[in-house]
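Just so we're on the same page: letters track the sequence lines, and every chain starts at 1.
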Number of protein chains: 2
Amino acid sequence: MDKTGFTHLLPNKDSCHDCFKKEQCLAKQLTISDVEGLSALISKNIKYRCGDYIYRQGDTSENIFIVKSGATKSLINSVEGNELVIGFHFAGEVLGFDAIDTNIHASSVLALDNSIICGFSRQLLDRLCTTDATFQKELIARFSHEIVRDYQLLILINKKTAEQRVAIFLLELLVRMGSSRGQVIHLNLVMSRADIASYLGLVPETVSRVLSKFERMGMLVVKKKKLQIVNDQLLVKYSNNQPLQKLPEPNAMEGNAIPLALLY
Amino acid sequence: MDKTGFTHLLPNKDSCHDCFKKEQCLAKQLTISDVEGLSALISKNIKYRCGDYIYRQGDTSENIFIVKSGATKSLINSVEGNELVIGFHFAGEVLGFDAIDTNIHASSVLALDNSIICGFSRQLLDRLCTTDATFQKELIARFSHEIVRDYQLLILINKKTAEQRVAIFLLELLVRMGSSRGQVIHLNLVMSRADIASYLGLVPETVSRVLSKFERMGMLVVKKKKLQIVNDQLLVKYSNNQPLQKLPEPNAMEGNAIPLALLY
DNA sequence: CGACTGTTTGAGACGCCTCAACAGATGTGG
DNA sequence: CCACATCTGTTGAGGCGTCTCAAACAGTCG
């Protein structure tokens with residue numbers, strides 16, 4: 001409510017050369033040298049608070065954005081008014097590809113957490129495109145990557161059960177958070193159940209039920225937005241829709257975790 | 001069966017300048033002059049027969065393709081083996097964007113009909129990207145467009161009823177086929193019920209049922225793959241999930257169309 | 001403290017899928 | 001030419017998974 005669009009734009013005092021995310025930057029070469037002073041066209045380190053919009057559907061596109069820290073979600077408002085979450089974005093990921101064609105954003109993006117985001121002006125984009133073949137390839141590669149990602153999301157929503165969707169979602173988060181596998185992993189969900197549900201084509205109640213079931217199965221421990229992944233192998237099996245045996249009824253286990261040995 | 005990948009590659013005898021689709025071409029400027037002889041890098045007028053693959057998921061990407069006539073579908077095979085139709089492509093549309101990043105196609109494309117397709121080598125793509133700002137902008141615009149299209153498909157599959165999906169699908173086809181509205185329109189579905197179903201996240205039986213219902217409502221006449229759209233306004237209403245009154249039971253009408261006056 | 005939001009859990013409804021039977025079109029071979 | 005198989009599309013009956021609706025609870029904020 002009180003947070004709508006409130007942002008702090010810091011002066012460009014930080015050089016790209018010192019950026020702690022320069023390895024993943026769209027324009028890596030600017031981080032090596034900046035002979036033409038192009039990095040002045042970058043609005044660095046814009047801080048957003050949880051709930052702030054980075055841009056809104058329908059806005060004129062001024063920048064491409066790169067998430068340096070924090071997390072965001074992107075969503076579309078359909079004509080009926082309900083909103084659909086189409087993605088979550090973490091450090092190193094690029095925002096704003098949906099507006100390059102029409103110059104108008106087809107989706108909104110807002111911060112799920114306090115986030116630092118780097119703004120990359122359209123002017124700079126055009127300039128680098130024409131002068132810098134490396135940048136160009138990188139840009140096109142990211143476009144292509146985005147399309148492939150959308151394809152996967154389509155499969156996810158089209159053909160998977162609720163349990164598969166949640167399992168896949170969690171595994172995907174594990175990968176993107178860079179966690180190592182095969183041990184107890186703490187996963188901090190920055191998004192709400194409603195966000196997850198919308199993203200997966202479900203309702204919040206269903207997401208909640210599935211997480212509860214996974215907890216009863218001994219796959220994970222749910223504590224609000226903190227998850228402990230106890231058995232990611234089982235999660236993988238569920239993501240492939242291969243539950244190993246008939247599941248116990250909720251009331252049959254009284255909320256206790258099943259001995260893992262029983263499941264193999 | 002006997003059609004797998006059988007294609008005819010004609011010599012490059014046709015100039016881009018004479019191409020009947022040059023207005024929609026990705027590289028319009030080649031159609032004006034070809035000073036550098038770049039159009040020799042284009043494999044023109046490759047003919048595909050119904051069922052031929054243009055490329056397969058996993059193939060190394062050699063070309064970008066532009067549909068000159070006919071129709072194609074693109075699909076992904078998921079790990080479980082079932083295939084998912086993710087799009088249909090008609091004259092003027094570009095194929096192969098999914099492989100620019102990895103150089104490996106993430107989807108397959110095959111002809112739904114006898115089709116003529118123009119192959120645009122990756123080499124030429126790279127060359128034009130670096131030398132031609134207009135081409136570059138056009139390419140990026142088409143990428144962006146593809147992403148927005150995927151978003152819309154996500155909404156379609158995520159939040160719509162079966163009837164909405166079919167109605168939206170038909171209206172979309174009407175637009176892309178360039179038909180004028182407000183009169184009886186003949187629509188030739190080149191794809192099977194199974195293709196439509198897969199694309200819309202349904203099963204063929206459901207598509208068939210919805211089409212039958214629409215026919216009973218007096219919205220259209222179904223004759224195999226030939227559709228007559230009788231009342232597209234009603235189709236629009238159904239696409240917004242606003243059926244006007246309780247529907248009559250199938251057996252109540254004995255297959256006769258409802259007098260349209262009853263519906264308003 | 002109450003108001004509010006987000007989450008969990010349960011009971012019931014409903015939409016779409018599954019399975020099955022059948023019709024029509026198409027192709028094949030004798 | 002017909003008999004037969006195959007494939008696509010249609011229609012029906014029943015089941016299941018997810019949604020809807022409702023209630024209760026926890027956590028947060030004023």
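A:K225 comes within contact range of the sugar-phosphate backbone alone, with a heavy-atom separation under 4.0 Å but no base atom that close. Nucleic acid contact class of B:V222 (heavy atoms, under 4.0 Å, all strands): sugar-phosphate only.
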Open item on the list: Let's go through A:N188 and A:K225 carefully: what are the C-alpha distance in whole Å and the side-chain angles of both, what is the deciding distance for side chain to side chain donor-acceptor pair (under 3.5 Å) to 0.1 Å, and is it a yes or a no?
Closed with: CA-CA 6 Å; A:N188 185 23; A:K225 293 191 172 176; over 6 Å; no

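Whole-Å rounding puts the A:K224 NZ to C:dT8 P distance at 11 Å. Taking atom CG on A:L211 and atom P on C:dT8, their separation rounds to 7 Å, with Å as the unit. In this structure, NZ of A:K223 is placed 17 Å from P of C:dT7, rounded to the nearest angstrom. C:dT7 atom C1' lies 11 Å from atom CD1 of A:I196, rounded to whole Å. Counting to the nearest Å, the P atom of D:dA26 and the CZ atom of A:R193 are 16 Å from each other. Nucleotide D:dC7 holds its C1' atom 14 Å from the CG atom of B:D195, rounded to whole Å. Rounded to whole angstrom, the span from the NZ atom of B:K226 across to the P atom of C:dA25 amounts to 15 Å. Rounded to whole angstrom, the span from the CZ atom of A:R216 across to the C1' atom of C:dT8 amounts to 11 Å.
Remark: side-chain polar atoms of A:Q228 are not paired, donor with acceptor, to backbone N or O of A:V221 under 3.5 angstrom. Side chain of B:R165 to main chain of B:K160: a donor-acceptor pair is present (N/O by atom type, distance under 3.5 Å, no hydrogens or angles). Between the side chain of B:D98 and the backbone N or O of B:S107 there is at least one donor-acceptor pair closer than 3.5 Å. With A:Q164 contributing its side chain and A:S239 its backbone, the two residues share a donor-acceptor pair below 3.5 Å.
Closest non-hydrogen pair, A:A111 versus A:R49, comes out as CB-O, 3.6 Å.
An OP1 or OP2 oxygen of C:dT9 is reached within less than 4.0 angstrom by a side-chain nitrogen or oxygen of A:S212.
At least one side-chain heavy atom of B:T72 sits less than 4.5 Å from a side-chain heavy atom of B:V109.
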- [ ] Going 5' to 3' through nucleotides 15-22 of chain C, assign each nucleotide B (protein heavy atom under 4.0 Å from a base atom), S (under 4.0 Å only from sugar-phosphate atoms) or - (no protein heavy atom that close).
- [x] -SSBB---

